[in-house]
Amino acid sequence: QPPFVAGRITTRYLDETEIPRGDGGAVAAAEAARTWSIAYDAARRGPVWGSLPGFRVTEHRSPRTVFLRDLDGVEHKSIVDGVAPKASGAVDLLGRSVAVNLDGQTYTFEIVPRSEHWAPSAAVGHGPADAVAAPFPAVVTEVPVSPGDAVNAGDVVVVIEAMKMLHSLTAAGPGKVDEVRVDVGDNVASAQLLVTFVQQPHDSPEEGQT
């Protein structure tokens, strides 16, 4: 920055100066995905397997899709193909975050679970509740609603388990449960309807009107 080059800075420089952000978000996301993938594979293997005599671990080389979210909330999709990252980086496996330094600028990303990326949004809606379907193959672990129950936006109607993780499926808006089509322990397929809701007419004539 010109003030820095000219030596006209004070201790207020960082507070008063808008530091330009680079435009390498996509490149940084790719580097972060590679960095995360290597750290994740190393942690999953653990030190035990490598200590066994005659045991050899084959490095993961098949393509893997990684979803990342930057600090601005923008999601990035990166396919990791086994190429080693060129940027330096740091990984927080427990916090599911990764930071990489690219051209002197640090980019931080949150790793988005694939189930969250593929699942339909559970954001609070203003319209009536729609049918809830399985976003991917899973096992039903809990069904907290019954036919006739009233639900609001965000209420959990089915809990499923997939990839050793529990996922709560919620109503997108207010409504009344019509049918519960699954029981605890059922295996469900992707896009299978799990809970349906009573469909309310859009325009109902007032009493006495024809």
Side-chain angles (χ1 to χ4, degrees), residues 26 29-30 32-34 36-41 43-46 57-70 73-82 93-98 109-202:
R34 296 189 183 106
W36 167 266
S37 184
I38 291 175
Y40 177 81
D41 286 341
R44 185 177 58 178
R45 288 195 304 267
V57 177
T58 301
E59 294 294 333
H60 174 82
R61 292 295 177 185
S62 59
R64 168 190 294 163
T65 301
V66 178
F67 299 102
L68 311 94
R69 183 182 297 119
D70 62 26
V74 178
E75 286 197 7
H76 302 265
K77 175 183 177 181
S78 181
I79 298 178
V80 178
D81 51 10
L93 289 172
L94 293 179
R96 298 186 64 82
S97 65
V98 56
F109 299 90
E110 172 192 0
I111 302 300
V112 180
R114 289 178 293 177
S115 58
E116 178 183 331
H117 179 84
W118 288 329
S121 173
V124 174
H126 298 286
D130 294 322
V132 172
F136 35 72
V139 177
V140 177
T141 62
E142 185 180 354
V143 184
V145 296
S146 301
D149 288 353
V151 297
N152 291 311
D155 286 352
V156 176
V157 296
V158 180
V159 180
I160 59 176
E161 180 180 357
M163 297 177 284
K164 298 183 179 180
M165 296 179 61
L166 294 177
H167 309 274
S168 297
L169 306 183
T170 61
K176 179 182 292 186
V177 177
D178 183 22
E179 291 183 286
V180 177
R181 301 188 178 185
V182 290
D183 293 314
V184 173
D186 286 355
N187 288 281
V188 296
S190 178
Q192 178 179 335
L193 289 182
L194 310 180
V195 177
T196 61
F197 301 91
V198 176
Q199 298 300 308
Q200 300 292 338
H202 293 288

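Numbers for residues simply follow the sequence, beginning at 1.
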| query | Of the non-hydrogen atoms in A30 and S78, which two are nearest, and what is the gap between them? | reply |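 Distance-wise, the nearest heavy atoms are CA-OG, 3.4 Å.
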
| Hey, does I111 have a side-chain heavy atom less than 4.5 Å from the side chain of F67? |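 Counting from C-beta outward, F67 and I111 never come under 4.5 Å.
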
| field | For A134 against L169, the heavy-atom pair lying closest together | value |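 Nearest pair, atom of A134 first, then L169: CA-CD1, 4.5 Å.
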
| query | How far apart are the closest heavy atoms of L68 and A32, and which atoms are they? | reply |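 Answer, listing the atom of L68 first, then A32: CD2-CB, 3.8 Å.
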
| said: Is the shortest side-chain heavy-atom distance between F109 and V66 below 4.5 Å? | reply: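 No - every pair of side-chain heavy atoms lies 4.5 Å or more apart.
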
| field | Set of residues satisfying side-chain contact (heavy atoms from CB on, under 4.5 Å) with respect to S97, sequence neighbours excluded | value |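 D92.
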
| request: Of all the heavy-atom pairs spanning F197 and D178, show the shortest one and how long it is. | output: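 So the two residues come closest at C-CB, 3.6 Å.
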
| Does I160 reach the side chain of F136, with side-chain heavy atoms less than 4.5 Å apart? |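 Sidechains of F136 and I160: in contact.
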
| message | Nearest 0.5 angstrom please: T170 OG1 to D155 CG, how far? | response |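 One gets 8.0 Å once the value is rounded to the nearest 0.5 Å.
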
| Can you name the nearest heavy-atom pair linking A171 to V151, along with the distance? |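 In this case the closest contact between A171 and V151 is CB-CG2, 3.9 Å.
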
Enumerate, atom names and distances included, each donor-acceptor pair closer than 3.5 Å involving a side-chain atom of residues 137-149, sequence neighbours excluded.
from	atom 1	to	atom 2	distance (Å)
T141	OG1	V159	O	3.1
D149	OD2	S146	N	2.8

Side-chain atoms of residues 180-194: list all donor-acceptor pairs with protein atoms under 3.5 Å, sequence neighbours left out, distances to 0.1 Å.
from	atom 1	to	atom 2	distance (Å)
R181	NE	E179	OE1	3.4
R181	NH2	E179	OE1	3.1
D186	OD2	D183	N	2.8
Q192	OE1	A189	N	3.0

